[in-house]
Amino acid sequence: MLNVRDLGVAFGAVQPLSGVSFAVGKGETLGIVGESGSGKSLTAMSVMGLLPLSGGRITGGTVEFDGQDLTKLPERAYRKLRGGRIGLITQNPMTSLDPLQKIGPQVDDVAKLHLGLSDKAARDRTEEILGTLRIPEPALICERYPHQMSGGMKQRIVIAMALAADPDVLIADEPTTALDVTVQAQIIRLLDDLVKERDLALVLITHDMSVVAQTCDKVVVMYAGRAVEHGPVEAIFDRPRHPYTQALIACIPRGLDEATRLTGIEGTVPTVVNYPSGCPFHPRCPRAEAICTTARPDFSVEGDSAAACHFAEVADAQPA
Amino acid sequence: MPNLLEVRDLSKQFTSAGGPFRKARSMHAVKGVSFDLPQGRVIGVVGESGCGKSTLARLILRLIEPSGGAVNFDGDNLLAKSPSQMRKLRARMQMVFQDPYSAIDPRYTLTRAVSEPFEVQNVTPEKPMAEEVADLLEMVGLNPGLAASYPHQISGGQKQRVGIARALALRPSLLVLDEPTASLDVSVQAQIIGLLEDLRTDLGLTYLFISHDLSLVKYFCDEILVMYLGRVVEALPDTAAPARHPYTRTLMESTFEPDPKKRRLIAPLEGEVPSPFDLPPGCAFADRCPNASALCRTETPVLSAETGHAVACHHPI
């Protein structure tokens, strides 16, 4: 459904994103994972064609959606797709709804714009979608303002808006980061069901490997604006071959006994103006050697997965 | 170990003033919370948003005035202290706040932010201030070279380290950590948790750790209090104890394993936390509980035991 090849993005002279590739099909969930500043949200913005708004431009690669290359699409045509066949769920439900407008009209607008429905038909559709999202008494909710609802409920409304025009692809940018664990479980379950029932292609952006493990079929791990490892979710968790992926998994406190220390990843994500030479992860990598500081590693492919690390094969040789 | 902190039957009732369009109403944000925190231990308080865990933290430090109960800190009854006595005592009990972005004044350099506690408490550090600040920054894993930076020049994780350095400035014995990692990436969360573990060992600190993430609390804490709508519904004496309250069980089942093979069909907790203003009689969890009976809807369960594994449920698992 969505096929991104070798995507590069620049803001003026800086190049925060390069060589990002992934593909996601119907009924499939792809996770894009990495720390803040690794380029996950920028990838989502590029696919949505929102880069020009913030002064960025696509410098290379293609974004293929249903056979057409979106990087060459004029803005007028993009408007039809954006929010229509490609839906976006934003990170912060508290700020993505208009506080001055009731819920009903906000969701109605999507169907009116993209499907050309009448006021009445759009409202019927809104209530139906709210119902499928297990929101009790949709008609009543339509008359409420965002401040009258909890965070989890607002996130459902944002999901309803993304679904209103019956999209083929849904991009969810950290949809559960601001929520309690119980509400996170509800929302993740909901997205899971939607992918299956509506045969959606879902791109789930997160920094939490446990969310990836729970929901995704495929994973792309990003660091400093590049994909560093990708593959099927079982393979990535069974045998993570990139030290960054291994570190991300080790950050999760689940199921650790007290003897195992939670380590975290030393240092911080580099900013775009000082991306390191060679392998971008080398300053924080426990395994880095001289070659890592000078030569950018190519992808080492194994089965369906690939890792951009000079020592990926060494990882293969070690017992799991 | 002696108890550093003893909390007895602590309660807070908030009232919202009435107006032309609505009646005055009141709610219990925290009701009848009791626990002991021995020197050097870590107690975790977990619950969803709105369960009263942050209010509890503030009540203990008397940042909010309790409506009832008692708080004993190292033998002192805090609720009997005058504001000036209280201020003195606060040097020994500090808080790390949830949002490092708003906890530090954006116009303060890190030096000023970290030295502010000394000013407020009118304490002269043993070493020259610049050295003291450099030591504190180093203690929390920050480069002392950052001392002249402003908060907007550093990352979220670094800001939280500054928040911790500030809290440690006056060498407190108790640190109340109110969701210190909730707004951070998991990788940074792991760093901060690792730092807090080291500081606890090095400085002999005692922590009260507030969080909504039960798996993090299980990893980090010695004992766990589970709160729901202002009350403690279960007190786990150690992290290996099996959940006996259906709510605790649900919280445990809501966390994901970092292993796709352990993926499970989550049966999420339906519904939301009811409004604390007009609670139905009986157990506050009854409407969302799979095991609720008629008894649960009429009679409020009380915590079963004073010590050890206590659960407030008519039908514990």
Side-chain angles (χ1 to χ4, degrees), chain A residues 34-38 134 136 150-153 177-190 192 206-217 219 232-238 244 247-258 260-269 271, chain B residues 46-51 141 154-158 181-198 211-220 222 238-240 247 250-273 288:
Chain A
E35 292 168 278
S36 302
S38 55
R134 297 185 211 107
S150 67
M153 201 55 99
T177 302
L179 305 172
D180 269 341
V181 279
T182 45
V183 185
Q184 162 167 305
Q186 291 174 0
I187 298 288
I188 291 292
R189 172 74 189 271
L190 194 62
D192 250 1
T206 177
H207 64 264
D208 190 339
M209 279 304 243
S210 59
V211 171
V212 172
Q214 174 67 30
T215 53
C216 298
D217 304 304
V219 197
V233 70
E234 295 84 7
I236 297 288
F237 278 88
D238 260 2
Y244 183 59
L248 278 181
I249 296 173
C251 287
I252 312 285
R254 321 275 187 275
L256 281 185
D257 51 59
E258 276 164 52
T260 330
R261 227 183 99 92
L262 199 60
T263 45
I265 310 174
E266 286 304 316
T268 47
V269 181
T271 54
Chain B
V46 274
E48 289 170 278
S49 304
C51 74
I154 60 178
S155 71
Q158 288 175 319
T181 61
S183 56
L184 305 173
D185 265 7
V186 280
S187 57
V188 184
Q189 161 170 297
Q191 287 178 0
I192 297 289
I193 293 295
L195 171 69
L196 289 169
E197 282 182 317
D198 290 343
S211 175
H212 68 267
D213 186 344
L214 188 56
S215 55
L216 185 62
V217 168
K218 278 180 90 169
Y219 170 76
F220 186 63
D222 303 315
D238 58 81
T239 53
Y247 180 62
T250 315
L251 279 183
M252 285 184 177
E253 285 173 357
S254 297
T255 54
F256 306 140
E257 298 283 338
D259 182 350
K261 285 192 286 285
K262 291 191 188 149
R263 188 179 291 189
R264 53 175 176 259
L265 197 62
I266 321 155
L269 189 57
E270 286 305 325
E272 307 220 345
V273 183
R288 303 169 82 188

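Numbered from 1 within each chain, the chains take letters A, B, ... in sequence-line order.
Ranked by heavy-atom pairs under 4.5 Å with chain A, the first of B:Gln158, B:Lys261, B:Gln191 is B:Gln191. Interface remark: of the candidates A:Val183, A:Thr215, A:Val212, A:Thr215 forms the most heavy-atom pairs closer than 4.5 Å to chain B.
Neither the backbone nor the side chain of A:Leu190 comes within contact range of chain B, judged by heavy atoms closer than 4.5 Å. Of the two parts of B:Leu184, only the backbone, made up of N, CA, C and O, holds a non-hydrogen atom closer than 4.5 Å to a non-hydrogen atom of chain A. The contact between B:Ser155 and chain A is made entirely by side chain atoms (from C-beta outward), counting heavy-atom distances below 4.5 Å.
When every heavy atom of A:Cys251 is checked against every heavy atom of B:Ser187, the shortest pair comes out as SG-CA, 3.4 Å. Nearest approach of B:Pro258 to A:Phe237, heavy atoms of both residues: O-CD2, 3.2 Å. Nearest heavy-atom pair, A:Pro253 versus B:Ser215, reported as atom, atom and distance to 0.1 Å: CB-O, 4.3 Å.
With rounding to the nearest 0.5 angstrom, the CG atom of B:Leu251 is 8.5 Å from the CG atom of A:Asp180. Summarising the geometry, atom CG belonging to B:Asp259 is positioned 11.5 Å from atom CD1 belonging to A:Ile252; distances are rounded to the nearest 0.5 Å. Atom CD of B:Glu253 sits about 12.5 Å away from atom OG1 of A:Thr182, to the nearest 0.5 Å.
Side-chain contact between A:Gln184 and B:Phe256 is present, with heavy atoms from C-beta onward closer than 4.5 Å.
Only one option out of B:Thr250, B:Leu216, B:Thr255, B:Leu214 pairs with A:Val181 in a side-chain contact (heavy atoms from CB on, under 4.5 Å); it is B:Thr255.
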